[in-house]
Each structure stands twice: as C-alpha cells, then as structure tokens.
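What follows is a single structure, written as structure tokens, with notes after it.
Residue numbers start from 1 in every chain, and the chains themselves are labelled A, B, ... in the order their sequence lines are given, proteins ahead of strands.
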There are 2 protein chains.
Amino acid sequence: MRAGVIIVEDDRSVREDLVALVRTDERLRLLGAFSSAEDALRGIPALQPQLIVMDINLPRMNGIECVARLKLLLPQVLVLMLTVYEDGDSIFRALKSGATGYLVKRDASEKLLDALQEVQRGGAPMSAHIARQVVQYFHRSEMPAAEAERPSPREREILDLLVKGLILKEVADQLGISLETVRTHVTHIYQKLHVRSRTEAVVKYLRQSQ
Amino acid sequence: MRAGVIIVEDDRSVREDLVALVRTDERLRLLGAFSSAEDALRGIPALQPQLIVMDINLPRMNGIECVARLKLLLPQVLVLMLTVYEDGDSIFRALKSGATGYLVKRDASEKLLDALQEVQRGGAPMSAHIARQVVQYFHRSEMPAAEAERPSPREREILDLLVKGLILKEVADQLGISLETVRTHVTHIYQKLHVRSRTEAVVKYLRQSQ
DNA sequence: CCCGGCATCCCCCGAACGGAGGATAGTCGT
DNA sequence: ACGACTATCCTCCGTTCGGGGGATGCCGGG
C-alpha cells in the first residue's frame with residue numbers, strides 16, 4: 001500500500017512544486033497540502049498520513065510548534081522538515097519536536113523523494129555533520145529554557161495553586177486579586193511554557209521543577 | 001479580636017445547640033452555620049473564618065472530603081471535627097484531610113469551647129491514645145488507595161493522553177471512540193481519584209505513579 | 001528618558017468542560 | 001443467573017476556559 005503524504009508549506013509556488021513532485025512517485029499517495037500550521041493541525045488528524053513534509057518557516061505558529069502538536073495526535077507519523085535555515089538551533093528544536101529528517105529547501109526538488117523513502121526505511125536523512133550534533137544534543141538532558149521564558153515569581157505562585165487543583169476563581173480569592181488578573185497571568189504562563197491548557201502547563205511545570 | 005467560627009452540621013437541633021454554645025463565648029464570633037458540605041464549600045471562603053467546627057457524617061459529600069477541599073482554599077483555617085465515630089480509620093482520614101482536632105459528639109457540649117481554645121493555642125484536642133495513633137499514621141507515607149479506587153486500564157490509557165495535554169476530543173480521535181465515551185471515562189476517573197478537574201486528576205495520577 | 005517586563009483590571013466570545021441524568025452490552029466470578 | 005465492573009454512546013445545562021482585544025501604573029536597564 002502506498003504511503004499517505006501531507007505537505008505543509010505556505011509559499012504557494014513551492015507548495016505546488018512539492019505536490020507535483022510527490023505525485024510523480026507511485027510509492028506515495030498525496031493526501032493533502034496545507035498553507036498554515038493552524039490549518040494543518042485541524043485537517044491532518046483525520047487524514048491519518050504516514051508522512052508529513054513540513055516547512056519550518058510558517059506565519060504565526062511555526063512548523064516546529066506544529067510538529068510538536070501533531071506528534072501528540074499522531075505519534076507514529078514520520079516528519080521531514082523543510083527549511084532554508086541551517087543553523088544548529090533550528091535543527092535541534094525541529095528534531096526535539098519529533099521530526100525525523102531535515103532537508104534544506106534548495107535540495108528539495110532532487111532529494112525529497114529519496115528522503116521520504118529513507119525516512120520510511122527507518123533512516124534520518126541529513127548530513128553526517130548534523131547527525132553528530134543531534135547525538136550530542138540528546139546527551140544534554142534538557143533544553144535550557146530561555147531567560148524570558150521562565151514564569152515570574154507571581155506566575156509561579158499561581159502555578160503552585162493550579163497544581164493544587166484550584167480553579168481560576170479560587171486562585172483569585174486566595175491571592176486577593178481579581179479573576180481577570182489571574183486570567184492574564186495564566187495566559188502569560190501558557191505563552192512562556194508554550195502550552196495551551198492548564199493540564200499541559202501543570203505537567204510541564206512539575207517536570208521542570210523535578 | 002475575636003476568632004471567627006463556622007459550624008457545619010446537618011442535624012438542625014445539634015446545629016442550633018452548637019451555635020448557641022459558641023455565642024456564649026465572648027472570645028468567639030459566630031460567622032455562620034451550614035447544613036451541608038456543598039453549602040459550606042460555597043459559603044465559607046468569603047467569610048474567612050479562623051475556626052471551623054465540622055461534622056463528619058454529612059449527607060452526600062462527607063465532612064472529611066469537605067475539609068480537604070476547604071483546606072485548599074483556606075490553608076490557615078483550623079478545623080475541629082465532630083463525630084459519633086471513634087474508629088481509627090475515620091480519625092486518620094479526618095486528620096489527613098487537614099483537621100486539627102477530633103471531638104466526639106457526646107463531649108461537644110462540655111468540651112467544645114475548651115477544644116476551640118486549645119486548637120487556637122496550637123494544640124490538638126484529642127485523647128492521648130488517638131494522638132499516638134496519629135503519629136504512627138504519618139509515618140506510613142501514603143494512604144493505600146482502595147482496590148476499586150484505582151483507574152481501570154482503559155481509564156489509565158486516557159489519563160496518559162490527558163497528561164500529554166490532549167483535549168477530550170483529541171483523546172476520542174486518538175482512541176477511535178466517541179467524545180461522549182471519553183467524557184464518561186473521565187467522570188469515572190474523577191470519582192475514583194476524588195477530584196473534580198483534569199488538573200487535579202493529572203497531578204494525582206503523576207504523583208501516584210511516582 | 002523611553003522601552004520592556006511585571007502586575008493589575010476590564011470586555012467579548014466561542015469552545016471546552018464537568019455534573020447529572022439515562023441506556024446498552026460484554027465479561028467475570030460466585 | 002445475578003450482580004459488579006467495564007466500555008460504549010447519548011442529552012441537557014450551566015460554568016469555566018482560552019484567545020483576542022485594551023488599559024493603567026511601577027520599576028529598572030540601557
């Protein structure tokens with residue numbers, strides 16, 4: 001059976017090139033193409049693809065965030081990141097998010113199909129140099145959260161109460177501040193921890209503080 | 001300043017006796033009396049009492065559960081449990097939930113006021129025999145969850161997905177079942193873990209599985 | 001002196017959630 | 001064969017959440 005493929009790429013002409021390319025390969029079946037991370041998150045789960053080709057540089061939510069979320073919904077899916085960036089940080093974050101391969105855009109037209117095959121065979125298409133960095137990266141246990149990414153003291157105070165199971169209104173009463181203020185703090189916490197729900201925030205917070 | 005007192009007792013005549021008793025003591029100020037745990041939970045936080053006299057044997061939610069929840073909202077409040085039960089298990093669960101003293105009902109009329117004073121002085125009004133058991137109890141690290149209290153395999157499967165931050169709809173898609181089914185499972189999980197929100201459930205689950 | 005981070009408060013809105021019902025069906029042990 | 005536990009699906013309803021705005025005041029670094 002042919003492997004289902006999804007393309008996520010905001011540039012229309014590039015996207016159409018990729019779509020055309022995938023269609024030339026009889027081992028692949030193109031299930032769809034999206035032009036934004038948000039659309040991809042909504043549409044992909046129902047399509048149950050085996051492979052995703054994801055551009056990193058997307059408007060609003062980037063491809064790395066998008067892959068991280070998709071991997072929660074489709075743990076089995078194989079992701080090939082596509083990008084113009086070659087810096088180590090992007091590579092790390094992409095792979096950390098769950099991507100299997102990392103292709104530079106200028107190589108896409110000639111290497112995409114080979115890379116997709118390699119991904120399916122259990123490989124990880126990328127240069128030896130990058131592979132080396134990857135190994136080293138995973139030896140470092142945790143991505144050191146950037147300075148501005150850490151919740152402020154007040155925000156941590158609120159997190160502590162959320163961990164206890166209090167709802168927002170109870171947190172407000174407890175701290176003697178308004179519900180709206182708590183809401184704002186919580187929004188900021190979500191942004192800093194890159195999550196979108198209380199549960200995710202609490203789990204991440206507990207894990208970070210050992 | 002006089003210490004604010006709340007009474008929670010479902011039997012009207014007993015409740016009125018207690019109210020009258022507290023009113024005779026000029027060192028105390030009666031802030032209110034409730035006849036159910038649910039009403040108490042709704043009303044007490046706003047009253048900010050220093051002392052709570054709580055009956056264990058209440059309809060629906062019992063006094064122990066009620067105290068556990070109140071303690072989340074008012075960590076400073078001192079609780080004196082009132083009960084007809086003298087068995088070790090009730091005592092343990094009451095104190096575990098955050099109660100400071102434990103008075104048998106038949107002693108209430110003559111010892112309540114003294115007990116409230118003692119609680120405020122940092123004491124713990126109960127017999128030496130009980131105090132001994134308490135010490136031993138806290139040496140045992142955890143209350144072994146009853147057999148029927150443990151989530152079923154399917155429920156744990158769902159908990160695992162909730163820990164990852166998935167919302168109910170995503171869990172449903174992931175498991176190939178309907179949203180309603182997930183909702184039912186989650187309700188059962190809440191009942192077994194004695195919680196009322198996803199956050200509480202996830203935190204408790206993570207802590208129980210080390 | 002201005003900008004960024006922080007803390008506070010407010011509004012709107014749609015989606016998600018939690019509680020309380022009820023229902024069917026399969027398994028398992030007594 | 002009967003009761004329990006489990007898993008599945010459903011409706012109704014009020015509350016809570018999360019995202020999107022915007023606003024003020026304080027403080028500290030550049």
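Listed by residue number, the members of residues 163-171 of chain A with any heavy atom below 4.0 angstrom from DNA chain D are I167(A), L168(A).
Across all strands shown, T187(B) has no heavy atoms under 4.0 Å from either base or sugar-phosphate atoms. Note on H188(A): nothing from the nucleic acid sits closer than 4.0 angstrom, heavy atoms only. Among the protein residues, R196(A) comes within range of the sugar-phosphate backbone only, with heavy atoms under 4.0 Å from sugar or phosphate atoms but none that close to a base. Contacts of T181(B) with the nucleic acid, taken as non-hydrogen atoms under 4.0 Å apart, include base atoms.
Phosphate proximity of dT16(D) to R183(A): absent, as no side-chain N or O sits under 4.0 Å from OP1 or OP2. Using a 4.0 Å cut-off, some side-chain N or O of R154(B) falls inside it from OP1 or OP2 of dT8(D). OP1 or OP2 of dG18(D) lies within a sub-4.0 Å distance of a side-chain N or O belonging to Y190(A).
Here the P atom of nucleotide dT8(D) and the CD atom of E155(B) are 10 Å apart, to the nearest Å. Rounding to whole angstrom units, CG of residue L41(A) and P of dG19(D) are separated by 13 Å. Rounded to a whole Å, the CD atom of E200(B) is 14 Å from the P atom of dT16(D). Rounded to whole Å, atom P of dA16(C) lies 11 Å from atom CZ of R42(A). We find that NE2 of H185(B) is positioned 8 Å from P of dC9(D), with the value rounded to whole Å. Whole-Å rounding puts the E157(B) CD to dT6(D) P distance at 15 Å. Here the C1' atom of nucleotide dG19(C) and the CZ atom of R198(B) are 14 Å apart, to the nearest Å. As a whole-Å value, the separation of Q191(A) CD from dC6(C) C1' is 13 Å.
Partners of R196(A) under the salt bridge (charged side-chain N to carboxylate O under 4.0 Å, His left out) rule, at least two apart in sequence or in another chain, do not exist in this structure.
The closest side-chain donor-acceptor pair between S178(B) and T181(B) falls under 3.5 angstrom.
To the nearest 0.5 Å, atom SG of residue C66(B) and atom CD1 of residue I52(B) are 7.5 Å apart. Between the CG atom of L175(B) and the CZ atom of R154(B) there is a distance of 4.5 Å, given to the nearest 0.5 Å.
In plain terms, the two heavy atoms of S13(A) and D11(A) that are nearest each other are N-OD1, 3.0 Å.
You'll find that the side chain of K192(A) is closest to dC6(C), out of dT8(D), dC6(C), dG19(C).
For S197(B) against dC17(C), a side-chain-to-base donor-acceptor contact under 3.5 Å is absent.
For the pair S152(B) and E180(B), nearest-nucleotide mapping onto DNA chain D gives the more 5' position to S152(B).
Counting only distance, with no hydrogens or angles, the side chain of Y190(A) and the backbone of A201(A) share no donor-acceptor pair below 3.5 Å. A donor-acceptor contact shorter than 3.5 Å is absent between the side chain of K204(A) and the backbone of V195(A). The backbone N or O of R27(B) sits nowhere less than 3.5 Å from a side-chain atom of R2(B) that would complete a donor-acceptor pair.
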